[in-house]
Amino acid sequence: MEAGRTGRSPGAAAVTVAALAALALLAGGCTPAAGGVRGTPGASGVQDPYFPRLGNGGYDVTHYALDLAFDPAAGRLDGTARITARATQDLSAFNLDLAGLTVAEATVDGAPASANRAGDELTLRPRDELRRGDEFTVTVGYSGVPEPLTDPDGSTEGWMNTTDGAVAVGEPAGSMTWFPGNHHPSDKASYEIALTAPTRLSALSNGVKVSADPVSGDRTRTVWRQTEPMASYLATVMIGRYETTTGTALGDISVVTAVDPSLSAATAALRAELPALLADQRERYGPYPFGAAGAVVTADGLLGYALETQTRPVFPASSFDRPTLVHELAHQWFGNSVTPESWQDIWLNEGFATYAEWLYAEDHDGVPARSSFEDAFAQDANWAFPPADPPAAENLFGPPVYQRGAMVLHKVRETVGDKVFDEILQGWPTKYRHANASTEDFTAYVESVAGEGLKEELAGLWKVWLYGDGKPAEP
Ligand code: TRP
Ligand code: ZN
């Protein structure tokens, strides 16, 4: 599929370049060929076992500046993505993930680049090859009526137009429906998201609001800045009628909450608890990792689940309850700051967020985590597969990932004791703050904190509870 192409057409010259590159490879690998032709195309995916085409090879994004103009009447998005990245190999071309929409133009370091579409892959070929280590800037101009994705498990994500606006969420792959990027959690970056929309509507995104300025035709451009690293699946946009409340938490963290106006009264009490819940979690998990916080509650019928979108989790009205709020806030540490290296490590998000609910119930409702553990142990659905090895993409958000993931953490607690477990609850998000971590990073970390004497017992725990098939005889 050819969605757009600008600049020099590849044509005969490009064929020659490709032929030379092939010759250089045949001639013996790494020696650059005469004329300096040595770049190769970046990979079209990062080999995630569940989504092989998600993400792209050959570069790391450091910053996304998205300028998005939205026309709710037409449901149309006009976007410019300005992406700053660093090449991790010599590159003749590289890919961005983008689903739907039409690309009108692309540049690399200010020079027109050719743009080719094939499915969800946008391939850009810069005029000049990029050298490993180069920082470069990409701009992509694009537009269209975005469409959500249906996940392997049947849930809906991505950009969703509403009657008077839009909501965009993206776990695990939906962010590619509204901006081009390296859409795999292993490549985190800072963001600035500018939303131009009718002035009568609210326009929210991640992080701190830095400006809101009128532009022509009763429209306002609102700019949100997410300075700490963010995985693209945690980016969000809400445009519509919302009642917004601003305040602070934990001293100087800016809090912005937004609710559908019809939900104002019903959600007020729980919204007011947010600063206290964050303070409670800071006690257990260490410093809050971001400069902003909040929550968005949408009318039912749009989102089928709550999501931990960075700094500003989103909830359908029917899931805005205390356990779910605790869960999504805990994700700010577990998932958003410490982000999975690959989708296979998703239990590190959901197991911890579920365990945060158990801890809340233990601390505030008199329900020991051991009883939550036993309730989970008794449910057959939690034994369908091991949390560290979901059989397929459709299982990534299945019950074993949440409940059996939390059970693993409880077994760790019973093995190392409460004192060391408390150290782990703070030490793990400290060690991998704003970074990525894998299941193996986690088991190695726990073993290092627990000490040599518990190594064997922990190895048995991982084998049975984390990686093993079926239900152990004893809880
Ligand atoms: N990660 C979300 C949570 O906080 C839930 C979620 C995101 C989800 N995408 C999903 C659940 C797709 C089911 C299907 O739990
Ligand atoms: Zn979750």
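When a ligand or atom number is given, it counts from 1 through the structure's own listing order. The residues of the chain are indexed from 1 along the displayed sequence.
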salt_bridge([X], [Y]) N-O dist < 4.0 Å:
X    : Y    : value
D422 : R284 : yes
D67  : R221 : yes
E192 : R82  : no

Taking the six-membered ring for Trp and the full ring for Phe, Tyr or His, determine whether the centres of [X] and [Y] are under 6.0 Å apart.
X    : Y    : value
F442 : Y432 : no
W347 : F352 : no
F334 : H327 : no

Close N/O pairs between ligand 1 and protein, under 3.5 Å:
residue, atom, partner, partner atom, Å
ligand 1, 1 (N), E171, OE1, 2.7
ligand 1, 1 (N), E308, OE1, 3.1
ligand 1, 1 (N), E350, OE2, 2.8
ligand 1, 4 (O), E308, OE1, 3.1
ligand 1, 4 (O), H327, NE2, 3.3
ligand 1, 4 (O), E328, OE1, 2.8
ligand 1, 4 (O), E328, OE2, 2.9
ligand 1, 4 (O), H331, NE2, 3.4
ligand 1, 15 (O), H327, NE2, 3.3
ligand 1, 15 (O), E350, OE1, 3.4
ligand 1, 15 (O), Y402, OH, 2.7

Side-chain donor-acceptor contacts of residues 463-475 below 3.5 Å, not counting sequence neighbours, with atom names and distances?
residue, atom, partner, partner atom, Å
Y467, OH, E440, OE2, 3.2
K471, NZ, F377, O, 3.0

Does a sphere of radius 6.0 Å around CZ in R219 hold more than 12 heavy atoms from other residues, nucleotides or ligands, not counting ones at 6.0 Å or beyond?
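More than 12 within 6.0 Å, yes.
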Ignoring waters, how many N, O or S atoms from the protein are under 2.8 Å from the Zn ion (ligand 2)?
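That number is 3, waters not included.
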List, one per line, each side-chain donor-acceptor pair under 3.5 Å for residues 239-253, sequence neighbours excluded.
residue, atom, partner, partner atom, Å
E243, OE1, S264, OG, 2.9
E243, OE2, S264, OG, 3.0
T245, OG1, R271, NH1, 3.4

